[in-house]
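Values reported hereafter were calculated over all heavy atoms of this structure, with side chains retained and with hydrogens, waters and symmetry mates removed. Order of the sequence lines fixes the chain letters, A, B, ..., with proteins taken first and strands second; residue numbering starts at 1 for each chain.
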Number of protein chains: 2
Amino acid sequence: MTRPGKSKRQELLSRYLEGNPFLTDDELAHILGVSIQTVRLDRWRLSIPELRERLKEVAQGIYGQVKSLEKDEWIGKLIDLELGRSGVSILEVSEEMTLKRTRVARGDYIFAQANCLAVALIDTKVALTGTARISFRRPVYCGEKVVARAFISRRKENKYVVRVASKVQDETIFQGKFLVFAIA
Amino acid sequence: MTRPGKSKRQELLSRYLEGNPFLTDDELAHILGVSIQTVRLDRWRLSIPELRERLKEVAQGIYGQVKSLEKDEWIGKLIDLELGRSGVSILEVSEEMTLKRTRVARGDYIFAQANCLAVALIDTKVALTGTARISFRRPVYCGEKVVARAFISRRKENKYVVRVASKVQDETIFQGKFLVFAIA
DNA sequence: AAATTCTTTAATACCAGGTACTAAAATAAA
DNA sequence: TTTATTTTAGTACCTGGTATTAAAGAATTT
């Protein structure tokens, strides 16, 4: 338990807390080999809040995001859902989804439908799309019905690979591979 | 402050907590118009943990996800970054990024490069891609250098629209519009 | 109406993980 | 050696609880 200088210790302390905000002062004191008072002083000097406040901040962080995602409207009608396996959703392209000039559906609606479906498959309270590899095959026009079919193709811990194919009648207009993360 | 029955109150209680896990027993007691003891009894009967445990759970939830994202390797070399505005990254396509048969780079590497860059632009600790609208213009071959340029094109609260264009020499091989969420 | 049972409230002792403050001891610098 | 800095100790107090015992109130049954 060699004791490096004050500034070094404080740097260590912030790094420890950055890596793991769940550490109590007591645990930090043990790790750093100093008294709990020193830890508290250091935290005060670095203006790092106490454990509970840190947790609250982290929790509020996710909560804000989750709420903002919840607000985002659900795109498409869910017509079949086998949680954890597959699902089907239908989107009828309405005027407000299209670009006025071309009467072509804005791509993000098509994407959003697929994304919503992909996320919905995951059997968890909150799921977020981490990355997605998608392609638009042809434009979709106002009035067309887009049928999206999705299934979970792989899973590794809390990561899911969901594949989605969207069709208008028999024509595939969109395909996507979504990497979705499950939270909680 | 009319008092509905016990089961009704308990249902209310769980719903309140589902909507806002940050409520203390005291606040719940006021909301429900009963004593704090009743709230605690109800929580116990519904096996809902105390505030601090709830926060910890939420915090651990996000933390798991953030860590899993952090683990995901950074794709591309960041060669220029103006935080909150724009950035440039270069990816040299190596053998392990390509499909053996075709020597074509796997699309997700191209996507990942753009996605990493998009997320890096955001001036916050943690940023997650919510949705993305992307297109691959032509295959990229082993040995080619992909230069991705990104800029923030819109912002609304914690949501950012980041546009990314990736080129090999003068040819655009990828374009993407990312909706990125800032956390905390 | 009286007895019984369920439900709610009260009261108290205790805990973790702190804050805020005062003071003394140890160490480093002059 | 003296002075200043740094570290440790100790105490009182806080929030948001747990755990337990007891009593008051309300609804049901007899």
- Message: With a 4.0 Å cut-off on N to O distance, would you call A:R15 and A:E11 a salt bridge?
- Response: yes
- A:R52 and A:E50 ion-paired at < 4.0 Å: yes
- For B:R45 and C:dT7, is the shortest distance between a side-chain N/O and OP1 or OP2 below 4.0 Å? no
- Rounded to whole angstroms, how far apart are CG on A:L28 and P on D:dT7? 15 Å
- Query: Under 4.0 Å: is that the gap between some side-chain N or O of B:S35 and OP1 or OP2 of C:dT9?
  - Reply: yes
- Message: For A:R85, is the CZ atom crowded, meaning more than 12 foreign heavy atoms sit under 6.0 Å from it?
- Response: no
- Spacing between B:E27 atom CD and D:dG16 atom C1', to the nearest angstrom: 11 Å
- Item | Atom pair distance, as rounded to whole Å: CG in A:L41 and C1' in D:dT8 | 10 Å
- Message: So, using side chain to side chain contact (heavy atoms under 4.5 Å, CB included) as the criterion, who are the partners of A:L51 when residues are at least two apart?
- Response: A:T24, A:R54, A:L55
- Quick one: CZ on B:R149 to OG on B:S89, what's the gap to the nearest 0.5 Å? 10.5 Å
- Query: Rounded to whole angstroms, how far apart are CG on B:L13 and P on C:dT8?
  - Reply: 12 Å
- Item | Rounded distance (Å) that lies between atom P of C:dC6 and atom CG of B:D42 | 17 Å
- For B:V146, does its backbone N or O pair with a side-chain atom of B:Q113 as donor and acceptor, under 3.5 Å? yes
- Can you check each nucleotide of nucleotides 15-22 of chain C against protein heavy atoms at under 4.0 Å and return B for base, S for sugar-phosphate only, - for none, in 5' to 3' order? -BBBB---
- Starting at CD1 of B:I36 and ending at P of C:dT9, how long is that distance when rounded to a whole Å? 12 Å
